[in-house]
Amino acid sequence: MSRILEIEGKTIDEAIFAGLEQMGLSFDEVDIDILQESNKGFLGIGKTDAKVRLTERDKTKEDVWGGEPQEKAKPAPAPAADKDTAPVRREKRNAERPRRNEKRDAFENSPVTKKEIVGTPIGTEEPAIEFLAGLLSSMGINGSIKAVRNDDGIYVDISGDGMGQIIGYRGETLDAMQYLASLVQNKDRQDYVRVTLDTENYRAKREQTLVRLGRRLAEKAVRSGHRVSLEPMNPYERRIIHSALQDVSGVTTVSEGEEPNRHVIIIPEKK
């Protein structure tokens, strides 16, 4: 049976990402229904949070893998310990460590690939694009807007001079513009359309930074045997950390605290 989660947040995007984080799913694995939009009220009176319903899409293993599920092969039993081979095994492990570090360094030093915009080009006939064009004009920024619509929603890339002004501190201005564009695009409609705003490949660069940070702190947690807390992040960035570390052996991750101070904690497994 498909899982269903109703969750609230200060904004629609915040509620959605918090729900995805809680369910451990991605955008393409759920159907989203907007139950209630946020309302700031007047002088704090009548203030309401946004509320959404996330329904997990029913996908069988046959749909995902294109065939019958196969039984995992059982690992061969480990050979009996031999004291004479212990030094050899230690030497082998020590020899492997530099190679693992080389893989990590190669990832961390690799250039971030520019995200290719794939989809049907759209213009100012879409409310979000018309809003962003007017916002850039009001800010005195001569930026070029390129936008497409695809299965993930609407992807918008802004290019030009002075893009640092659009990004802001850790992407706060970019996130705010994305949120406003999403509000405009989804006004008076029930089928939620995700709006993603980017400039100078900031989203991909930020994701790589978070993945690199998460992996380094996971290593620290394993070495020290103590929990490691990250700084507060929004639901989208917390999901990046959770996803990056879900297959890392020796650690698990949880989110603790209340917004806007909710943060990820990396917990080493007990030996």
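Residues take their numbers from the sequence shown, with the count starting at 1. Because the structure is predicted, anything quoted here is derived from the model rather than measured.
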*Asks:* Once rounded to the nearest 0.5 Å, what's the spacing between atom CG of Leu174 and atom CG of Asp198?
*Replies:*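 So the gap between those two atoms works out to 6.5 Å.
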*Asks:* Tell me, do Glu29 and Glu56 make a side-chain contact under 4.5 Å, heavy atoms counted?
*Replies:*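 A side-chain contact under 4.5 Å is absent here.
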*Asks:* Quick one: are Met23 and Ile4 in side-chain contact, heavy atoms under 4.5 Å?
*Replies:* no
*Asks:* What pair of heavy atoms forms the shortest contact from Ala181 to Val195, and how long is it?
*Replies:*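 Residues Ala181 and Val195, closest heavy atoms: CB-CG1, 4.2 Å.
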*Asks:* Checking Arg223 now: which residues fulfil side chain to side chain donor-acceptor pair (under 3.5 Å) with it, not counting sequence neighbours?
*Replies:*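 Partners of Arg223 by the side chain to side chain donor-acceptor pair (under 3.5 Å) criterion come out as none, since no residue qualifies.
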*Asks:* Salt bridge (Lys or Arg N to Asp or Glu O under 4.0 Å): which pairs involve residues 183-192, sequence neighbours left out?
*Replies:* Arg189-Asp191
*Asks:* Going by salt bridge (charged side-chain N to carboxylate O under 4.0 Å, His left out), name the residues that satisfy it together with Glu125, two or more places apart in sequence or in a different chain.
*Replies:*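 Partners of Glu125 by the salt bridge (charged side-chain N to carboxylate O under 4.0 Å, His left out) criterion come out as none, since no residue qualifies.
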*Asks:* Only counting residues at least two apart or in another chain, list the ones meeting side chain to side chain donor-acceptor pair (under 3.5 Å) with Asp31.
*Replies:*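 Side chain to side chain donor-acceptor pair (under 3.5 Å) check on Asp31 returns Arg57.
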*Asks:* What's the separation between atom CD1 in Ile241 and atom CG in Leu213, rounded to the nearest 0.5 Å?
*Replies:*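 Answer rounded to 0.5 Å: 5.5 Å.
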*Asks:* Could you tell me which residues satisfy salt bridge (charged side-chain N to carboxylate O under 4.0 Å, His left out) with Glu258, sequence neighbours excluded, listed by chain and number?
*Replies:* none
*Asks:* Closer than 3.5 angstrom, by distance alone: can the side chain of Arg238 be matched with the main-chain N or O of Met233 as a donor-acceptor pair?
*Replies:* yes
*Asks:* Could you check whether Arg170 pairs with Glu231 (Lys NZ or Arg NE/NH1/NH2 to Asp/Glu carboxylate O, under 4.0 Å)?
*Replies:*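 Yes.
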*Asks:* Of all residues at least two apart in sequence or in a different chain, which pass the ring pair (Phe, Tyr, Trp, His ring centres under 6.0 Å) check with Tyr236?
*Replies:* Phe17
*Asks:* Report the C-alpha separation of Tyr155 and Leu197 in whole Å, then their side-chain angles, then the decisive distance to 0.1 Å, and conclude whether the side-chain contact (heavy atoms from CB on, under 4.5 Å) test is met.
*Replies:* CA-CA 6 Å; Tyr155 181 89; Leu197 178 61; over 6 Å; no
*Asks:* Using side chain to side chain donor-acceptor pair (under 3.5 Å) as the criterion, list what pairs up with Gln36, not counting sequence neighbours.
*Replies:*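 If we apply the side chain to side chain donor-acceptor pair (under 3.5 Å) test to Gln36, skipping adjacent residues, there are no hits.
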*Asks:* Hey, are the side chains of Ile166 and Ile158 touching, using non-hydrogen atoms and a 4.5 Å cut-off?
*Replies:*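 The answer is yes, as the side chains (C-beta and beyond) meet within the 4.5 Å cut-off.
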*Asks:* Any side-chain heavy atom of Gln22 within less than 4.5 Å of one from Leu5?
*Replies:* yes
*Asks:* To the nearest 0.5 angstrom, please state how far the CG atom of Leu217 sits from the CD1 atom of Ile266.
*Replies:*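 Reported to 0.5 Å precision, the distance equals 5.0 Å.
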*Asks:* Below 4.5 Å, heavy atoms only, C-beta onward: do Glu219 and Val222 meet side chain to side chain?
*Replies:*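 No, too far: nothing below the 4.5 Å cut-off.
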*Asks:* Between Arg262 (side chain only) and Asn234 (backbone N and O only), is there a donor and an acceptor less than 3.5 Å apart?
*Replies:* no
*Asks:* My understanding is that only residues two or more places apart in sequence, or in another chain, count here; which of them pass salt bridge (charged side-chain N to carboxylate O under 4.0 Å, His left out) with Arg149?
*Replies:*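 Salt bridge (charged side-chain N to carboxylate O under 4.0 Å, His left out) check on Arg149 returns Glu126.
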*Asks:* Tell me whether Asn261 contacts the main-chain N or O of Gly257 through its side chain, where contact means a donor paired with an acceptor under 3.5 Å.
*Replies:* no
*Asks:* side-chain contact (heavy atoms from CB on, under 4.5 Å), that's the test. Do Leu25 and Arg3 meet it? Break it down for me.
*Replies:* CA-CA 11 Å; Leu25 301 174; Arg3 289 180 293 164; 3.6 Å; yes
*Asks:* Do Phe131 and Met139 land in one hydrophobic cluster if side-chain heavy atoms of ILVMFWY residues count as linked below 4.5 Å?
*Replies:* yes
*Asks:* Looking only at non-hydrogen atoms, find the nearest pair between Ala50 and Ala15 and report the distance.
*Replies:* O-CB, 4.4 Å
*Asks:* Taking the basic N atoms (NZ, or NE/NH1/NH2) and the acidic carboxylate oxygens, is any pair closer than 4.0 Å for Lys51 and Glu6?
*Replies:*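 Yes, charged N to carboxylate O under 4.0 Å.
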*Asks:* Begin with the C-alpha distance, continue with both residues' side-chain angles, and end with the deciding distance and a verdict on side-chain contact (heavy atoms from CB on, under 4.5 Å) for Val264 and Arg239.
*Replies:* CA-CA 9 Å; Val264 175; Arg239 284 197 68 251; over 6 Å; no
*Asks:* Within this structure, what is the OG1-NZ distance for the pair Thr199 and Lys146, rounded to the nearest 0.5 Å?
*Replies:* 13.5 Å
*Asks:* Check whether any side-chain heavy atom of Glu200 lies under 4.5 Å from a side-chain heavy atom of Asp157, and answer yes or no.
*Replies:* no
*Asks:* Check this for me: does any side-chain nitrogen of one of Glu237 and Arg206 sit under 4.0 Å from a carboxylate oxygen of the other?
*Replies:*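 The answer is yes: the pair qualifies as a salt bridge.
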*Asks:* Are the side chains of Arg194 and Thr196 in contact, using a 4.5 Å heavy-atom criterion?
*Replies:* yes
*Asks:* With sequence neighbours excluded, what pairs up with Asp247 under the salt bridge (charged side-chain N to carboxylate O under 4.0 Å, His left out) test?
*Replies:*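 In terms of salt bridge (charged side-chain N to carboxylate O under 4.0 Å, His left out), with neighbours along the sequence ignored, Asp247 is linked to no residue.
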*Asks:* Indicate the atoms forming the closest heavy-atom contact of Ile141 with Asp161, along with that distance.
*Replies:* CG2-O, 4.1 Å
*Asks:* Applying side-chain contact (heavy atoms from CB on, under 4.5 Å), name anything that partners Asn150, two or more places apart in sequence or on another chain.
*Replies:* Val148, Asp152
*Asks:* Check side chain to side chain donor-acceptor pair (under 3.5 Å) between Arg203 and all other residues, then give those that pass, not counting sequence neighbours.
*Replies:* Asp175, Gln178
*Asks:* Give, for atom CD of Gln208 and atom CD1 of Ile240, the distance between the pair rounded to the nearest 0.5 Å.
*Replies:*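 With rounding to 0.5 Å, CD (Gln208) is 11.5 Å from CD1 (Ile240).
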*Asks:* Hydrogens and angles aside, do His242 and Glu21 bring a side-chain donor and acceptor to less than 3.5 Å of each other?
*Replies:*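 Yes, a side-chain donor-acceptor pair sits under 3.5 Å.
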*Asks:* In the hydrophobic clustering (ILVMFWY, side-chain contacts below 4.5 Å, transitive), which residues join Ile265, or is it alone?
*Replies:* Val254, Ile267
*Asks:* Which pair of non-hydrogen atoms, one from Ala147 and one from Val156, has the smallest distance, and what is that distance?
*Replies:*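 Smallest heavy-atom distance, with atoms named: CB-CG2, 4.1 Å.
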*Asks:* Which heavy atom of Pro268 sits nearest to which heavy atom of Ala221, and what is that distance?
*Replies:*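 Reported closest heavy-atom pair: CB-O, 3.5 Å.
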*Asks:* Output the distance between atom CG (Leu35) and atom CD1 (Ile7), rounded to the nearest 0.5 Å.
*Replies:* 11.5 Å
*Asks:* Would you say Thr55 and Val30 make side-chain contact, with heavy atoms under 4.5 Å?
*Replies:*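 No, their side chains stay 4.5 Å or more apart.
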*Asks:* Can any side-chain N or O of Tyr202 pair as donor or acceptor with the backbone N or O of Gly171 at less than 3.5 Å?
*Replies:*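 Yes, the answer is positive, given that a donor and an acceptor are paired below the 3.5 Å cut-off.
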*Asks:* Counting only N and O atoms by type, is there a donor-acceptor contact under 3.5 Å from the side chain of Gln185 to the main-chain atoms of Ala128?
*Replies:*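 Confirmed, Gln185 side chain pairs with Ala128 backbone.
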